[in-house]
Colleague: 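First, the structure itself, so that you have it in front of you.
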Amino acid sequence: MNRKLSSAILSMLLIFPSLSYGVQANEGTESSKEKNPENENATEEMEKETETQQGEDTPAPSLDQEGTEAENSGQTDEVETMPDETDLTSGENQTETKPEEETIEENKKDEKSPAIHNDNSEPATETQPRKMEPASPPAAESENLVSTMAASPNTLQEGNFTYHLNSEGHIIYAEEIIGGLLRKIHEYYPGTTPETAQNSVKYTFEIKSDGSIKNAKMLDKNTQRAVNYYEYYSQTTYGSHGSQIRYVFGLNASGYVKSASLKEKGTQRTLSRYEYYPQASYGSHGARIKYVFDLNSSGYITRATMRESGTQRILSRFEYYPQTKYGAHGKNIKYRFYLNSKGHITSATMRAKGTQKILAGYEYYPNTVYGSHGSQIKYVFHRDSSGYLKNASLREKGSQRILTWYEYYARTVYGSHGKKIKYIFNLDRSGNIRAATLREAGTQRLRATYQYASGTTYGNHGTRIISIKLNVPLVSQLPELPTGCEITSVTMMLQYKGAKVDKIGLANEMPRHSWDPNYGYVGNPFTTRGWTVYPPALMKLVSKYAGSSKNLTGVSHLMLESYIASGKPVTVWASPMHGFTVHALTLTGYDRNNYYLNDPWTGKKDVRISKTEFIKLWSNQSKRAISY
């Protein structure tokens, strides 16, 4: 090439420098693509993270070098839906196994709650992870970071913004530089140009003075309102941030935080999920957490807590059936624990999977701490299929040995069960029943006592009774009825049944007869000249107040025992006793060798008489007896 031609070309290049720049820009673009494989990998990684976050309303921020959303390689992640807040308390009723300490033991790791990460934020609380700000690097390092990124080809400078463009002129990302330091990085929706950049931001990353990401937010394409906030692990740099997200916050249409998740560094596995009280603002959300859910390594919910708004005091704890997914957890609660103002467990319920019907209830000894509660249960309440209490047990603190069993009257509701106990069974140290009592519904007055054969276990105790004593009220015939032992004994029997009667009223009401006691009382019971009355003459009177009557004259002594076992005292006739040719008493109980009677003449309760002696005296009166 001759000297004149060379000079001409050089002159043209000097006059039109843009020709040279265009060549260099194109070469630089290709070179940039070849020299940044790490950024491309980050793009794919963050786009996968984006897909994962779909169940939390919106995708996580990702680095997209070409300005388009990365492909997910044909894999579709499962979308997790957010449940209603009422899911946690749905259902109520319970057949139980007490919650074992090893299965519901307190998770040793601290429960982390999404924290407030502002430059002027308060020190971290128990429910707010501490912000870990690294020391700022020298200014020279920050300037070097800015100058390196700004040196990329295909850039456009507008004010504080440096736009990085792809070959089609669409923005890949932009840097916002203030005072010579990188403050923010913006990513845009596909097809965004510098002219439309202001209304097409997808992600905004706030950058700290050391060049690491402080936090980020995702903006809605149409409204540009924030739909997600992100917080990152310490020292997270742009380009590798997809695997360094710590918290993802989902916002509702009004801009309030409604849910969040805590991610594991690197894997981005969800460790915990959070739900918030209404109108929780980002920045003060740490005090507005309502539920915290802990997940295992397979992503299933294992336990949760319900928090008080403001104080963040734990109000309730929850444990779940295996393989419970977030979103379906409301129907998979196994145990719910209720805490008092000091954080101690007071009570709990066990629930049926699916229906959430309460199967069992628990009450705890004072100052019970979650995690050691398995050995601190005081009462366990079991329910029938309709949700009513059927029985309960009292446990020994620490050993959890059963001390007492309780059985309830039909249709007993938890809360009013204290007045509806029917039987109380006392156990020895070997766990065998030794004695029991029958209680009256409402008043809880003693109705009967029972003794059991050695080695009797709860469940087969019904056939192992060796002694019964009915707590029949004692009524003395004296002084008003010196010869009215029969009607006084019937009075005791009817009062045990619950009839509102007294001996004087019944003595006046019973039939009279001049000579046959089978038809009425012969003589005057209010005097010493009265004689007696027999069961047939008293049948109508007993039926009137007891609802039924039964003439047991002539039955075996075993039949008398069966009446006592069914809770019915018996009036019996015997002689000779106390100098009378005929005397009546109320049979109240028996054991292996004896009978027990209330004697209206002596005014003594549960007088013991051998079975042999009783049968002889009773037989002398033709085994006369009456009951209901």
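The first residue in the sequence is number 1, and the count goes up from there.
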Colleague: Do Gln157 and Thr162 have side-chain N/O donor and acceptor atoms under 3.5 Å apart?
Modeller: yes
Colleague: Could you work out, with side-chain contact (heavy atoms from CB on, under 4.5 Å) as the rule, every residue matching Ser254, not counting sequence neighbours?
Modeller: Asn252, Tyr256
Colleague: Search all heavy atoms of Lys208 against all heavy atoms of Ile213 and return the closest pair with its distance.
Modeller: CE-O, 4.2 Å
Colleague: Measure the shortest side-chain to side-chain distance between Tyr388 and Val413 over non-hydrogen atoms and say whether it is less than 4.5 angstrom.
Modeller: yes
Colleague: Indicate whether any N or O donor in one side chain lies under 3.5 Å from an N or O acceptor in the other, for Asp294 and Ser272.
Modeller: yes
Colleague: Could you tell me which residues satisfy side-chain contact (heavy atoms from CB on, under 4.5 Å) with Lys397, sequence neighbours excluded, listed by chain and number?
Modeller: Tyr365, Gln376
Colleague: Residues in side chain to side chain donor-acceptor pair (under 3.5 Å) with Ser309, at least two apart?
Modeller: Arg288
Colleague: Centre of Tyr370's six-membered ring, under 6.0 Å away, within 45 degrees of the axis: is that where NZ or CZ of Arg317 sits?
Modeller: yes
Colleague: Judged by modelled atom types alone, do Ser284 and Ser281 share a side-chain donor-acceptor pair under 3.5 Å?
Modeller: no
Colleague: With Tyr414, which residues qualify under ring pair (Phe, Tyr, Trp, His ring centres under 6.0 Å), at least two apart?
Modeller: Phe381, His417
Colleague: Using the benzene-type ring in the case of Trp, are the ring centres of His186 and Tyr173 under 6.0 Å apart?
Modeller: no
Colleague: Taking the side chain as everything from C-beta on, heavy atoms only, tell me whether His164 gets closer than 4.5 Å to Ile171.
Modeller: no
Colleague: Could I get the full list of salt bridge (Lys or Arg N to Asp or Glu O under 4.0 Å) partners for Arg225, not counting sequence neighbours?
Modeller: none
Colleague: Among His329, Lys334, Arg303, which residue satisfies the side chain to side chain contact (heavy atoms under 4.5 Å, CB included) criterion with Thr324?
Modeller: His329
Colleague: Under 6.0 Å between ring centres, would you say that holds for Phe249 and His285?
Modeller: yes
Colleague: With Glu308, which residues qualify under side-chain contact (heavy atoms from CB on, under 4.5 Å), at least two apart?
Modeller: Thr311, Arg313, Leu315
